[in-house]
Novice: 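Before we start, here is the structure in question, set down as structure tokens.
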Amino acid sequence: MTSPSPTVPRTEERWSALQWGTLFVLCGALFLDALDVSMVGVALPSIGDDLDLSTNSLQWVVSGYILGYGGLLLLGGRAADLLGRRRVFLIALGVFAVASLLGGLVDSGSLLIATRFIKGLSAAFTAPAGLSIITTTFAEGPIRNRALTIYSSCGATGFSMGLVLSGFLTEAGWRWTMLLPAPVALIALIAGLKLIPRTPRESTEGRGYDLPGTFTGTASMLLLVFTVVSASSAGWASARTLGSFGAVAALLVAFVAIEHRSSHPLIRLAVLRSSHQVRANLGGATFFGSYIGFQFLVTQYLQNVLGYSAMQTALAFLPAGSLVAILSTRMGPIVDKFGTPRVIAAGFASLVAGYALFLRIDLHPGYAAVILPSMLLLGAAFALAFPSLNIQATNGVRNEEQGMVSGLLNTSFQVGGAIFLAVVTAVVTAHTDGHGGGKQAVLDSYRPALWVVTGIGVAGLLLTLSGLRTRRPSYGILVASSAEDEARRAAQSDGGTPVAAVAPAAASPASPSVTPSGAGGTDRTTE
């Protein structure tokens, strides 16, 4: 790893109290988002019994959140860039608190799903705004890698610990799993008002609002998620489902055409020319999507087949959450040393191994011999992959586009979660023989879905392995290519300053150094 530039004092590597305070609030908000996603999992059987919801209806308690989250993330990321990251983050956090309160008070399944959608919508703005605040506050390189590691690990820890906390709360009543986020979000909002610094609004000159792109992009994501999660009940080959997929395709084609021609695109399509960006987004979709499906199956298996209580189910997931919390503080140096592609690949390998071991389940599994090893491997997978995916997606991108790439990455997570959860649910439904057959029949309906989950994980592993080829000694990828970058390229062709020497500065003005390929946590292969 290279040393910081001599023109930048070494003391910049020490964070100020304001930086720590900002990171504390942002980590708390991400922890809360992840907690809310997973906390409902253990409570689903109790919610179904109390509100008389079927399995397909229960899926919407989870998918309603994902629908709002995944459908509006692109808009949320762009809004953070244009309206101000602090403002967008705090307003959305306030909406999240109100929706959490309402979610714990409703008395019907449809109202509960509606409040979950609103919470997902607000998270679609807090997530990219929070991530872009970090990437514009901490200089690219080891300093930012450390911040992103802590940030991402808080999200992974919140997701894992939400399952545990849900067990305790569900014993007292499932409504507590909905109510708890309200005061926590309020505290985070108050802290954010005091700790997140006001920064000058970045100029929006030349970066106006892409209203046609916003409409087609948001509509396509919303319709895609809705179509996939409703296909299991409507039928994958039904006219309604096929027509919806056709409409999604038409909207996506229109979106790409608009973005290609727009002077102020919602997503600058040149970002997707970088294979490390593509791998980060597809990796995020397969990683999170497979785990969402796995968690749904395991929660149902533990309670409906093994007869676990909500508390016992929570404790069964505890080792995974504990391992994420323990490893979270050690990921920064590991990413700096080995680079994001290798760490992501290690995370996927651990994920697939955990899924494969869980395939051994039966009606009377030994927890220590069958379930525990899978939980430990999944905890290690989260600790390794989540921070690395965030680092890989945001490095090499200019400050004014951090919200865009953050929204794109989080969209990949949530859309992947929605799609693969729907696929897993459809597989279970297809292998369910009526309503009888006993516990063995229920287990037999879960097993093919577990194979599907494992297959998704394997696909993600193969994708990440494609990025492990020998890297050439090249400098920054021009992810944030612009007119300025084109001018630099022209200067290079005329014998001026080489583009490799100036591209990292353009990508991250606050960066203290230029990191060559293979150093630090960034895959900087020019592709």
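Bear in mind the structure is a predicted one, so any value in this text is a computation, not a measurement. Count residues from 1 along the sequence. These numbers come from the heavy atoms of this one structure, side chains and all, not from hydrogens, waters or symmetry mates.
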Novice: Does any part of the side chain of P333, heavy atoms only, come nearer than 4.5 Å to the side chain of R146, both counted from C-beta?
Specialist: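 No, every pair of side-chain atoms sits at 4.5 Å or beyond.
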Novice: Which pair of non-hydrogen atoms, one from S46 and one from T170, has the smallest distance, and what is that distance?
Specialist: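 That closest heavy-atom pairing would be OG-CG2, 3.4 Å.
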Novice: Residues two or more places apart in sequence or in another chain: which of them pass side-chain hydrogen bond (donor to acceptor under 3.5 Å, both in side chains) with Y355?
Specialist: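 By the side-chain hydrogen bond (donor to acceptor under 3.5 Å, both in side chains) rule, Y355 matches S290.
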Novice: Give the intermediate values and the outcome of side chain to side chain contact (heavy atoms under 4.5 Å, CB included) for residues T137 and Q19.
Specialist: CA-CA 7 Å; T137 300; Q19 285 177 307; 4.1 Å; yes
Novice: Within the 4.5 Å heavy-atom criterion, are L23 and W15 side-chain neighbours or not?
Specialist: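 Contact flag for L23/W15 side chains = yes.
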Novice: Determine, step by step, whether I344 and L384 satisfy the side chain to side chain contact (heavy atoms under 4.5 Å, CB included) criterion, reporting the C-alpha distance in whole Å, the side-chain angles of both residues, the deciding distance to 0.1 Å, and the verdict.
Specialist: CA-CA 6 Å; I344 293 171; L384 289 166; over 6 Å; no
Novice: If you look only at pairs with a residue in residues 90-130, which of them pass as a ring pair (Phe, Tyr, Trp, His ring centres under 6.0 Å), with sequence neighbours excluded?
Specialist: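 Applying ring pair (Phe, Tyr, Trp, His ring centres under 6.0 Å) to every pair that reaches into residues 90-130, excluding sequence neighbours, yields nothing.
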Novice: Has R175 got a side-chain atom pairing as donor or acceptor with G104's backbone, closer than 3.5 angstrom?
Specialist: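 Looks like yes, one N/O pair under 3.5 Å.
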Novice: Quick one, L302 and Q312 - any side-chain contact, counting heavy atoms below 4.5 Å?
Specialist: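 L302 does not reach Q312 side chain to side chain.
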Novice: Does the ring center of Y301 lie less than 6.0 Å from the ring center of F296?
Specialist: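 So the answer is no for these two rings.
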Novice: Using the benzene-type ring in the case of Trp, are the ring centres of F288 and F420 under 6.0 Å apart?
Specialist: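 So the answer is no for these two rings.
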Novice: Please answer whether the main-chain N or O of L111 pairs with a side-chain N or O of S108 as donor and acceptor at a distance below 3.5 Å.
Specialist: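 At least one qualifying donor-acceptor pair exists.
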Novice: Is any side-chain heavy atom of S309 closer than 4.5 Å to one of Q303?
Specialist: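 No - every pair of side-chain heavy atoms lies 4.5 Å or more apart.
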Novice: Could you give the distance from CG (L318) to OG1 (T313), rounded to the nearest 0.5 Å?
Specialist: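 Output value for this atom pair is 12.5 Å.
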Novice: Hey, can you tell me if F382 and F386 have their rings parallel, tilted or perpendicular (30° and 60° cut-offs)?
Specialist: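 Parallel.
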Novice: Indicate yes or no: at least one non-hydrogen side-chain atom of L180 is less than 4.5 angstrom from one of L165.
Specialist: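 L180 reaches L165 side chain to side chain.
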Novice: Can you see which heavy atom on G109 is nearest to which on L53, and at what distance?
Specialist: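 Scanning both residues, the minimum pair turns out to be CA-CD2, 4.0 Å.
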Novice: Give me the atom names and distance for the closest heavy-atom approach of P319 to M375.
Specialist: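 It is CB-CB, 4.4 Å.
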Novice: Pair V423, I456 - check side chain to side chain contact (heavy atoms under 4.5 Å, CB included), show working.
Specialist: CA-CA 11 Å; V423 170; I456 296 168; 5.6 Å; no
Novice: State, with a plain yes or no, whether a side-chain heavy atom of W176 is found less than 4.5 Å away from one of F168.
Specialist: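 Answer no - side chains too far apart.
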Novice: Where do A43 and T177 come nearest, in terms of heavy atoms and distance?
Specialist: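 Heavy-atom minimum between the residues: CB-OG1, 4.1 Å.
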Novice: If you round to the nearest 0.5 Å, how far is CG of L93 from CG of L32?
Specialist: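 The CG atom of L32 sits 7.0 Å away from the CG atom of L93.
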Novice: Does the pair I150 and C27 meet the rule for a side chain to side chain contact (heavy atoms under 4.5 Å, CB included), with working shown?
Specialist: CA-CA 8 Å; I150 296 173; C27 284; 4.0 Å; yes
Novice: So which atom in L26 and which in Y151 form the shortest heavy-atom distance, rounded to 0.1 Å?
Specialist: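 Closest heavy-atom pair between L26 and Y151: O-CE1, 3.5 Å.
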Novice: Assess whether a salt bridge exists between R116 and D36, defined as any Lys/Arg side-chain N lying under 4.0 Å from an Asp/Glu carboxylate O.
Specialist: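 Looking at D36 together with R116, the answer is yes, because their closest N to O distance falls below 4.0 Å.
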Novice: Does T22 reach the main-chain N or O of L18 with its side chain, forming a donor-acceptor pair under 3.5 Å?
Specialist: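 A pair under 3.5 Å: yes.
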Novice: Taking the side chain from R85 and the backbone from G130, do they hold a donor-acceptor pair closer than 3.5 Å?
Specialist: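 Such a contact is absent between R85 side chain and G130 backbone.
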Novice: Can you tell me how far the OG1 atom of T340 sits from the CZ atom of R279, to the nearest 0.5 Å?
Specialist: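 The distance works out to 8.5 Å.
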Novice: Answer yes if the ring centres of F287 and F413 are under 6.0 angstrom apart, and no otherwise.
Specialist: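 Centroid separation for F287 and F413: 6.0 Å or greater.
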Novice: Quick one, Q392 and P341 - any side-chain contact, counting heavy atoms below 4.5 Å?
Specialist: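 A side-chain contact under 4.5 Å exists here.
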Novice: Testing the basics here: between L409 and A280, what is the closest heavy-atom pair and its distance to 0.1 Å?
Specialist: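 For L409 and A280, the tightest heavy-atom pair comes out as CD1-O, 3.8 Å.
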Novice: For a 4.5 angstrom cut-off between non-hydrogen side-chain atoms, does L112 reach V61?
Specialist: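 Yes, their side chains come closer than 4.5 Å.
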Novice: Which value, rounded to the nearest 0.5 Å, describes the distance between L131 atom CG and L148 atom CG?
Specialist: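 It is 6.0 Å, given to the nearest 0.5 Å.
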Novice: Any sub-3.5 Å donor-acceptor pair from T286's side-chain atoms to G283's backbone N or O?
Specialist: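 Here the side-chain-to-backbone pair exists.
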Novice: To the nearest 0.5 Å, tell me how far T464 OG1 sits from L389 CG.
Specialist: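 The OG1 atom of T464 sits 9.0 Å away from the CG atom of L389.
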Novice: Would you say S374's side chain and F358's backbone share a donor-acceptor pair under 3.5 angstrom?
Specialist: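 Indeed, once roles are kept as given, a pair shorter than 3.5 Å links the two residues.
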Novice: For the atom pair CZ (F24) and CD1 (I196), what is the distance rounded to the nearest 0.5 Å?
Specialist: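 F24 CZ to I196 CD1: 11.5 Å, rounded to 0.5 Å.
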